2 protein chains.
Amino acid sequence: MKLRDNHSGDASPTPDDHIHGRGLRMTDQRRAVYDALMGQRDHPTAVEVFMRVKTKMPNISLATVYNCLETLTDCGIIKAVNHDREPSRYCPNLAEHAHLFCQGCGSVMDIPLRSNRRPQDIWDLPEDVSVVQHEVSFRGLCPKCATADAADTPPDTQKAPRTRSK
Amino acid sequence: MKLRDNHSGDASPTPDDHIHGRGLRMTDQRRAVYDALMGQRDHPTAVEVFMRVKTKMPNISLATVYNCLETLTDCGIIKAVNHDREPSRYCPNLAEHAHLFCQGCGSVMDIPLRSNRRPQDIWDLPEDVSVVQHEVSFRGLCPKCATADAADTPPDTQKAPRTRSK
DNA sequence: AGTTTATTTAGAATAATTCTTGATAAGCTT
DNA sequence: AAGCTTATCAAGAATTATTCTAAATAAACT
Ligand SMILES: [Mn+2]
Ligand SMILES: [Mn+2]
Ligand SMILES: [Zn+2]
Ligand SMILES: [Zn+2]
(Lines give C-alpha, C1' and ligand atoms only; values in the text may rest on other atoms or scores of the structure.)
(Ligands and ions follow the chains in the order given, each with its own letter.)
Protein backbone atom coordinates (compact mmCIF):
# COMPACT_ATOMS: atom_id res chain seq x y z
CA MET A 1 0.00 0.00 0.00
CA LYS A 2 1.48 3.26 -1.13
CA LEU A 3 0.68 6.58 0.52
CA ARG A 4 0.56 9.97 -1.15
CA ASP A 5 0.20 8.59 -4.67
CA ASN A 6 -0.84 11.87 -6.31
CA HIS A 7 -2.12 10.45 -9.57
CA SER A 8 -5.46 12.11 -9.88
CA GLY A 9 -6.25 13.15 -6.31
CA ASP A 10 -5.20 16.41 -4.72
CA ALA A 11 -3.64 15.62 -1.36
CA SER A 12 -0.81 17.87 -0.17
CA PRO A 13 1.63 18.35 -3.03
CA THR A 14 4.63 16.02 -3.05
CA PRO A 15 8.14 17.07 -4.07
CA ASP A 16 7.42 15.44 -7.41
CA ASP A 17 4.39 17.66 -7.86
CA HIS A 18 6.46 20.78 -7.36
CA ILE A 19 9.01 19.58 -9.87
CA HIS A 20 6.35 18.60 -12.40
CA GLY A 21 4.60 21.89 -11.87
CA ARG A 22 7.56 23.54 -13.50
CA GLY A 23 7.62 21.17 -16.43
CA LEU A 24 10.64 19.39 -15.00
CA ARG A 25 11.28 15.75 -14.22
CA MET A 26 12.01 14.07 -10.92
CA THR A 27 15.10 12.23 -12.04
CA ASP A 28 17.10 9.70 -10.05
CA GLN A 29 19.75 12.30 -9.37
CA ARG A 30 17.27 14.86 -8.11
CA ARG A 31 15.61 12.34 -5.88
CA ALA A 32 18.93 11.12 -4.55
CA VAL A 33 19.97 14.68 -3.72
CA TYR A 34 16.63 15.33 -2.09
CA ASP A 35 16.81 12.10 -0.10
CA ALA A 36 20.32 12.91 1.06
CA LEU A 37 18.98 16.13 2.52
CA MET A 38 15.88 14.53 4.06
CA GLY A 39 17.94 11.72 5.55
CA GLN A 40 19.45 13.88 8.26
CA ARG A 41 18.23 16.98 9.97
CA ASP A 42 21.43 18.88 9.36
CA HIS A 43 22.51 21.48 6.83
CA PRO A 44 25.11 20.05 4.50
CA THR A 45 27.07 21.98 1.91
CA ALA A 46 26.93 21.04 -1.75
CA VAL A 47 30.15 19.08 -1.39
CA GLU A 48 28.79 17.21 1.62
CA VAL A 49 25.63 16.35 -0.30
CA PHE A 50 27.83 15.25 -3.17
CA MET A 51 29.76 12.88 -0.90
CA ARG A 52 26.59 11.42 0.56
CA VAL A 53 24.91 10.88 -2.78
CA LYS A 54 28.04 9.41 -4.27
CA THR A 55 27.85 6.40 -1.96
CA LYS A 56 24.55 5.44 -3.58
CA MET A 57 25.20 6.81 -7.05
CA PRO A 58 28.95 6.67 -7.65
CA ASN A 59 28.89 8.30 -11.07
CA ILE A 60 27.06 11.48 -10.15
CA SER A 61 29.03 14.64 -10.74
CA LEU A 62 29.45 17.64 -8.48
CA ALA A 63 27.99 19.85 -11.20
CA THR A 64 24.86 17.75 -11.16
CA VAL A 65 24.59 18.08 -7.40
CA TYR A 66 24.83 21.84 -7.80
CA ASN A 67 22.25 21.71 -10.57
CA CYS A 68 19.89 19.56 -8.55
CA LEU A 69 20.21 21.72 -5.45
CA GLU A 70 19.44 24.79 -7.52
CA THR A 71 16.46 23.13 -9.15
CA LEU A 72 15.07 21.88 -5.86
CA THR A 73 15.57 25.32 -4.36
CA ASP A 74 13.87 27.05 -7.28
CA CYS A 75 10.95 24.68 -6.96
CA GLY A 76 10.67 25.58 -3.30
CA ILE A 77 11.10 22.11 -1.86
CA ILE A 78 14.39 22.80 -0.13
CA LYS A 79 16.00 26.00 1.08
CA ALA A 80 19.47 27.42 0.56
CA VAL A 81 21.05 28.84 3.69
CA ASN A 82 23.89 31.31 3.69
CA HIS A 83 26.00 32.70 6.48
CA ASP A 84 28.73 35.24 5.97
CA ARG A 85 30.98 34.12 3.14
CA GLU A 86 30.79 30.45 3.94
CA PRO A 87 29.68 27.92 1.35
CA SER A 88 25.92 27.63 0.94
CA ARG A 89 24.17 25.02 3.01
CA TYR A 90 20.88 23.33 2.25
CA CYS A 91 17.90 22.64 4.44
CA PRO A 92 14.76 20.55 3.90
CA ASN A 93 12.78 22.32 6.63
CA LEU A 94 10.21 24.44 4.83
CA ALA A 95 8.72 26.01 7.94
CA GLU A 96 9.74 29.58 8.63
CA HIS A 97 12.81 29.36 10.82
CA ALA A 98 16.16 30.93 11.59
CA HIS A 99 19.54 29.25 11.91
CA LEU A 100 22.08 29.08 14.69
CA PHE A 101 25.62 28.57 13.43
CA CYS A 102 27.65 27.05 16.24
CA GLN A 103 31.21 28.26 16.25
CA GLY A 104 32.13 25.47 18.61
CA CYS A 105 31.22 22.39 16.59
CA GLY A 106 30.30 23.90 13.24
CA SER A 107 26.76 22.59 13.34
CA VAL A 108 23.74 24.51 12.11
CA MET A 109 20.48 24.18 13.99
CA ASP A 110 16.95 25.28 13.19
CA ILE A 111 15.41 27.97 15.36
CA PRO A 112 11.63 28.00 14.99
CA LEU A 113 9.55 31.13 14.81
CA ARG A 114 7.43 31.54 17.93
CA SER A 115 3.77 31.04 17.21
CA ASN A 116 1.81 34.07 16.09
CA ARG A 117 4.94 36.13 15.74
CA ARG A 118 6.16 37.98 12.69
CA PRO A 119 9.47 39.68 11.91
CA GLN A 120 7.58 42.97 11.68
CA ASP A 121 6.97 42.66 15.41
CA ILE A 122 10.54 43.59 16.16
CA TRP A 123 11.75 45.28 12.96
CA ASP A 124 10.54 48.73 12.11
CA LEU A 125 9.83 48.15 8.43
CA PRO A 126 8.39 51.13 6.54
CA GLU A 127 4.82 50.26 5.72
CA ASP A 128 5.15 50.72 2.01
CA VAL A 129 7.91 48.16 1.46
CA SER A 130 6.98 44.77 0.09
CA VAL A 131 8.90 41.90 1.58
CA VAL A 132 9.38 38.74 -0.41
CA GLN A 133 11.77 36.85 1.79
CA HIS A 134 13.74 37.17 4.97
CA GLU A 135 16.71 35.29 6.32
CA VAL A 136 17.89 35.25 9.91
CA SER A 137 21.04 33.74 11.28
CA PHE A 138 22.51 33.65 14.74
CA ARG A 139 26.11 32.89 15.50
CA GLY A 140 27.12 31.50 18.86
CA LEU A 141 27.29 28.21 20.67
CA CYS A 142 24.76 25.41 20.39
CA PRO A 143 23.35 24.00 23.65
CA LYS A 144 25.90 21.22 23.72
CA CYS A 145 28.88 23.48 23.12
CA ALA A 146 27.57 26.23 25.39
CA THR A 147 27.21 23.93 28.40
CA ALA A 148 30.54 22.22 27.67
CA ASP A 149 32.08 25.64 27.42
CA ALA A 150 30.58 26.87 30.67
CA ALA A 151 31.81 23.77 32.48
CA ASP A 152 35.23 23.31 30.89
CA THR A 153 36.46 26.81 30.40
CA PRO A 154 37.02 27.64 34.09
CA PRO A 155 39.89 25.11 34.31
CA ASP A 156 40.93 26.69 30.99
CA THR A 157 40.44 23.57 28.88
CA GLN A 158 39.74 25.20 25.54
CA LYS A 159 38.87 22.94 22.65
CA ALA A 160 39.85 23.92 19.14
CA PRO A 161 36.89 25.48 17.31
CA ARG A 162 35.97 24.03 13.98
CA THR A 163 35.72 27.46 12.44
CA ARG A 164 38.69 29.46 11.27
CA SER A 165 39.56 32.03 13.88
CA LYS A 166 42.58 33.99 12.70
CA MET B 1 38.48 74.21 18.13
CA LYS B 2 38.55 70.46 17.73
CA LEU B 3 35.90 68.18 19.13
CA ARG B 4 36.45 64.64 20.43
CA ASP B 5 40.20 65.02 20.85
CA ASN B 6 40.71 61.88 22.93
CA HIS B 7 44.19 62.62 24.20
CA SER B 8 43.80 62.02 27.88
CA GLY B 9 40.07 62.33 28.44
CA ASP B 10 37.56 59.52 28.13
CA ALA B 11 34.73 60.78 25.94
CA SER B 12 33.02 58.21 23.69
CA PRO B 13 35.71 56.21 21.88
CA THR B 14 36.61 57.42 18.41
CA PRO B 15 37.37 55.10 15.48
CA ASP B 16 41.03 55.83 16.16
CA ASP B 17 40.63 54.59 19.71
CA HIS B 18 39.25 51.27 18.53
CA ILE B 19 42.13 50.88 16.11
CA HIS B 20 44.73 51.84 18.69
CA GLY B 21 43.13 49.53 21.21
CA ARG B 22 44.29 46.66 19.05
CA GLY B 23 47.82 47.96 18.71
CA LEU B 24 47.11 49.08 15.17
CA ARG B 25 47.55 52.43 13.47
CA MET B 26 44.97 54.68 11.87
CA THR B 27 46.71 55.11 8.55
CA ASP B 28 45.70 57.36 5.69
CA GLN B 29 44.35 54.38 3.81
CA ARG B 30 42.25 53.17 6.71
CA ARG B 31 40.87 56.62 7.30
CA ALA B 32 40.11 57.09 3.62
CA VAL B 33 38.23 53.79 3.53
CA TYR B 34 36.35 54.68 6.68
CA ASP B 35 35.49 58.14 5.34
CA ALA B 36 34.28 56.67 2.07
CA LEU B 37 31.81 54.60 4.07
CA MET B 38 30.74 57.41 6.35
CA GLY B 39 30.28 59.77 3.43
CA GLN B 40 27.09 58.14 2.24
CA ARG B 41 24.44 56.18 4.05
CA ASP B 42 24.54 53.32 1.60
CA HIS B 43 26.15 49.90 1.63
CA PRO B 44 28.92 49.74 -0.96
CA THR B 45 30.85 46.65 -1.95
CA ALA B 46 34.61 46.48 -1.60
CA VAL B 47 35.00 47.40 -5.25
CA GLU B 48 32.69 50.38 -4.86
CA VAL B 49 34.66 51.55 -1.85
CA PHE B 50 37.82 51.07 -3.89
CA MET B 51 36.49 53.28 -6.67
CA ARG B 52 35.45 56.00 -4.24
CA VAL B 53 38.74 56.02 -2.37
CA LYS B 54 40.74 55.97 -5.57
CA THR B 55 39.50 59.43 -6.51
CA LYS B 56 41.22 60.84 -3.42
CA MET B 57 44.09 58.38 -3.21
CA PRO B 58 44.85 57.18 -6.75
CA ASN B 59 47.59 54.73 -5.77
CA ILE B 60 45.62 52.66 -3.29
CA SER B 61 45.23 49.01 -4.23
CA LEU B 62 42.15 46.85 -4.09
CA ALA B 63 43.96 44.47 -1.76
CA THR B 64 44.51 47.33 0.65
CA VAL B 65 40.85 48.23 0.52
CA TYR B 66 40.00 44.63 1.38
CA ASN B 67 42.57 44.72 4.17
CA CYS B 68 41.27 47.99 5.55
CA LEU B 69 37.66 46.83 5.44
CA GLU B 70 38.62 43.67 7.31
CA THR B 71 40.59 45.61 9.90
CA LEU B 72 37.81 48.12 10.46
CA THR B 73 35.32 45.29 10.73
CA ASP B 74 37.48 43.38 13.22
CA CYS B 75 37.84 46.52 15.30
CA GLY B 76 34.06 46.84 15.33
CA ILE B 77 33.80 50.28 13.78
CA ILE B 78 32.07 49.15 10.62
CA LYS B 79 29.97 46.10 9.81
CA ALA B 80 30.15 43.62 6.98
CA VAL B 81 26.79 42.75 5.47
CA ASN B 82 26.12 39.65 3.45
CA HIS B 83 23.09 38.53 1.49
CA ASP B 84 22.90 35.24 -0.34
CA ARG B 85 26.00 34.76 -2.43
CA GLU B 86 26.36 38.40 -3.39
CA PRO B 87 29.58 40.31 -2.73
CA SER B 88 29.94 41.58 0.82
CA ARG B 89 28.74 45.09 1.51
CA TYR B 90 29.87 47.39 4.28
CA CYS B 91 27.89 49.55 6.65
CA PRO B 92 28.96 52.24 9.11
CA ASN B 93 25.76 52.04 11.16
CA LEU B 94 26.70 50.35 14.42
CA ALA B 95 23.19 50.29 15.87
CA GLU B 96 21.47 46.93 15.81
CA HIS B 97 19.57 46.83 12.57
CA ALA B 98 18.45 44.60 9.72
CA HIS B 99 18.80 45.19 5.99
CA LEU B 100 16.30 45.37 3.17
CA PHE B 101 17.79 44.40 -0.16
CA CYS B 102 15.65 45.95 -2.87
CA GLN B 103 15.39 43.78 -5.94
CA GLY B 104 14.03 46.72 -7.89
CA CYS B 105 16.88 49.21 -7.64
CA GLY B 106 19.57 47.16 -5.91
CA SER B 107 19.77 49.46 -2.92
CA VAL B 108 20.23 48.29 0.65
CA MET B 109 18.44 50.11 3.41
CA ASP B 110 18.74 49.95 7.17
CA ILE B 111 15.78 48.59 9.12
CA PRO B 112 15.97 49.60 12.77
CA LEU B 113 15.08 47.34 15.63
CA ARG B 114 11.91 48.50 17.36
CA SER B 115 12.59 49.88 20.79
CA ASN B 116 12.60 47.39 23.66
CA ARG B 117 12.44 44.45 21.29
CA ARG B 118 14.83 41.54 21.09
CA PRO B 119 15.22 38.76 18.53
CA GLN B 120 14.30 36.29 21.27
CA ASP B 121 10.83 37.82 21.24
CA ILE B 122 10.01 36.08 18.01
CA TRP B 123 12.60 33.30 17.75
CA ASP B 124 12.32 30.28 19.99
CA LEU B 125 15.98 30.03 20.98
CA PRO B 126 16.84 27.24 23.43
CA GLU B 127 17.76 28.91 26.69
CA ASP B 128 21.19 27.33 26.95
CA VAL B 129 22.58 28.65 23.68
CA SER B 130 24.89 31.63 23.78
CA VAL B 131 24.38 34.06 20.94
CA VAL B 132 27.27 36.24 19.82
CA GLN B 133 25.81 37.83 16.72
CA HIS B 134 22.75 37.82 14.56
CA GLU B 135 22.15 38.99 11.05
CA VAL B 136 18.79 39.67 9.47
CA SER B 137 18.07 40.47 5.87
CA PHE B 138 14.86 41.10 4.03
CA ARG B 139 14.49 40.91 0.29
CA GLY B 140 11.77 42.80 -1.47
CA LEU B 141 11.06 46.28 -2.77
CA CYS B 142 12.11 49.51 -1.10
CA PRO B 143 9.41 52.15 -0.56
CA LYS B 144 10.28 53.92 -3.79
CA CYS B 145 10.25 50.79 -5.93
CA ALA B 146 7.21 49.34 -4.19
CA THR B 147 5.04 52.39 -4.86
CA ALA B 148 6.39 52.72 -8.40
CA ASP B 149 5.61 49.07 -8.91
CA ALA B 150 2.08 49.35 -7.54
CA ALA B 151 1.37 52.33 -9.79
CA ASP B 152 3.17 51.29 -12.98
CA THR B 153 2.60 47.58 -13.14
CA PRO B 154 -1.13 47.75 -13.98
CA PRO B 155 -0.35 49.25 -17.42
CA ASP B 156 2.34 46.51 -17.51
CA THR B 157 5.32 48.85 -17.60
CA GLN B 158 7.94 46.60 -16.08
CA LYS B 159 11.38 48.06 -15.49
CA ALA B 160 14.45 45.84 -15.67
CA PRO B 161 15.54 44.81 -12.18
CA ARG B 162 19.15 45.45 -11.25
CA THR B 163 19.52 41.98 -9.84
CA ARG B 164 20.17 38.93 -11.94
CA SER B 165 16.95 37.02 -12.40
CA LYS B 166 17.61 33.96 -14.54
C1' DA C 1 11.31 5.04 -35.30
C1' DG C 2 12.33 9.85 -35.38
C1' DT C 3 12.23 14.42 -33.27
C1' DT C 4 12.36 17.48 -29.58
C1' DT C 5 13.57 18.77 -25.09
C1' DA C 6 15.53 18.02 -20.61
C1' DT C 7 19.33 16.30 -18.11
C1' DT C 8 23.85 14.86 -16.99
C1' DT C 9 28.69 15.16 -17.09
C1' DA C 10 33.63 16.68 -17.27
C1' DG C 11 36.18 20.21 -17.58
C1' DA C 12 36.94 25.14 -18.36
C1' DA C 13 35.81 29.63 -16.75
C1' DT C 14 34.43 33.12 -13.41
C1' DA C 15 34.58 36.18 -9.57
C1' DA C 16 35.19 37.48 -4.94
C1' DT C 17 38.40 37.10 -1.79
C1' DT C 18 42.76 35.76 0.32
C1' DC C 19 47.59 34.93 0.27
C1' DT C 20 52.58 35.84 -0.74
C1' DT C 21 56.32 38.57 -1.07
C1' DG C 22 59.07 42.38 -1.36
C1' DA C 23 58.90 47.40 -0.67
C1' DT C 24 57.80 51.34 2.46
C1' DA C 25 56.72 53.60 6.50
C1' DA C 26 56.10 54.30 11.49
C1' DG C 27 57.35 53.83 16.11
C1' DC C 28 61.03 52.77 19.54
C1' DT C 29 65.62 52.44 21.37
C1' DT C 30 70.02 53.71 21.76
C1' DA D 1 69.86 61.04 14.31
C1' DA D 2 70.88 56.03 13.33
C1' DG D 3 69.45 51.49 13.82
C1' DC D 4 66.05 48.02 14.91
C1' DT D 5 61.44 46.18 14.96
C1' DT D 6 56.98 45.81 13.52
C1' DA D 7 53.07 47.32 10.86
C1' DT D 8 51.36 48.39 6.52
C1' DC D 9 51.00 48.60 1.60
C1' DA D 10 50.87 47.05 -3.09
C1' DA D 11 51.06 43.93 -7.13
C1' DG D 12 50.17 39.91 -8.59
C1' DA D 13 49.44 34.94 -7.84
C1' DA D 14 46.49 31.65 -5.73
C1' DT D 15 42.29 29.87 -3.83
C1' DT D 16 37.62 28.38 -3.78
C1' DA D 17 32.83 28.13 -4.35
C1' DT D 18 30.13 28.35 -7.99
C1' DT D 19 28.69 28.79 -12.82
C1' DC D 20 29.19 27.99 -17.60
C1' DT D 21 30.09 25.23 -22.01
C1' DA D 22 29.61 21.66 -24.92
C1' DA D 23 28.93 17.11 -25.94
C1' DA D 24 26.64 12.76 -24.62
C1' DT D 25 22.52 10.58 -22.78
C1' DA D 26 17.90 9.95 -21.64
C1' DA D 27 13.11 10.84 -21.50
C1' DA D 28 8.93 12.43 -23.61
C1' DC D 29 6.31 13.20 -27.64
C1' DT D 30 4.68 12.64 -32.64
MN1 LIG E 1 17.15 24.89 8.49
MN1 LIG F 1 23.33 48.90 7.48
ZN1 LIG G 1 28.15 23.27 18.87
ZN1 LIG H 1 14.32 49.98 -4.73
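Lettering of chains follows the sequences in order, A, B, ..., and the numbering in each one begins at 1. Since the model is a prediction, treat every value here as computed from it, not as a measurement.
At C:dT18, none of the side-chain N or O atoms of B:Y66 fall inside 4.0 Å of OP1 or OP2 (strictly under the cut-off). A sub-4.0 Å separation between OP1 or OP2 of C:dT17 and a side-chain N or O of A:R85 is present. A sub-4.0 Å separation between OP1 or OP2 of C:dA25 and a side-chain N or O of B:T27 is absent. Proximity of A:Q29 to the phosphate of D:dA26: no side-chain N or O atom is located under 4.0 Å from OP1 or OP2. Checking the phosphate oxygens (OP1, OP2) of C:dT7, a side-chain nitrogen or oxygen of A:R30 falls inside 4.0 Å.
By the 4.0 Å N-to-carboxylate-O rule, A:E135 lies too far from A:K79 to be salt-bridged with it. Classification of A:D84 and A:R139 as a salt-bridged pair holds, one side-chain N sitting under 4.0 Å from a carboxylate O.
DNA chain D is contacted by both A:D28 and A:L62; A:L62 maps to the nucleotide lying nearer its 5′ end (nearest heavy atom per residue).
To the nearest angstrom, P of C:dA25 lies 19 Å from CZ of B:R31. With rounding to whole Å, A:K54 atom NZ is found 12 Å from C:dA10 atom C1'. A:N67 places its CG atom 8 Å from the C1' atom of C:dT7, with the value rounded to the nearest Å. D:dT19 atom P lies 10 Å from atom CG of A:D74, rounded to whole Å. Distance NE2 (A:H20) to C1' (C:dT7): 14 Å, rounded to an integer number of Å. Distance CG (A:D84) to P (C:dA16): 18 Å, rounded to an integer number of Å. Protein atom CG of B:N59 is 13 Å distant from nucleotide atom P of D:dC9, rounded to whole Å. Atom C1' of nucleotide D:dT19 and atom CG of A:L69 are separated by 14 Å, given to the nearest angstrom.
Remark: B:L37 CG to B:N93 CG distance equals 11.5 Å, nearest 0.5 Å.
Put simply, the side chain of B:H43 reaches to within 4.5 Å of the side chain of B:D110, judged on heavy atoms.
Listed nucleotides C:dA10, D:dA10, C:dA6 differ in distance to B:S61; the shortest reach to its side chain belongs to D:dA10. The side chain of A:I60 has C:dT9 as its nearest neighbour among D:dA7, C:dT9, C:dT7. If you check C:dT7, D:dA7, C:dA10 against the side chain of A:L24, the one that comes closest is C:dT7. Comparing C:dT17, C:dA6, C:dG11 against the side chain of A:R25 picks out C:dA6 as the nearest.
Ring-plane geometry between B:W123 and A:F138 is classed as perpendicular, the angle between the planes exceeding 60 degrees on a 0 to 90 degree scale with a lower cut at 30.
Residue contacts for A:T45: at a heavy-atom cut-off of 4.0 Å it reaches no nucleic acid atom on any strand shown.
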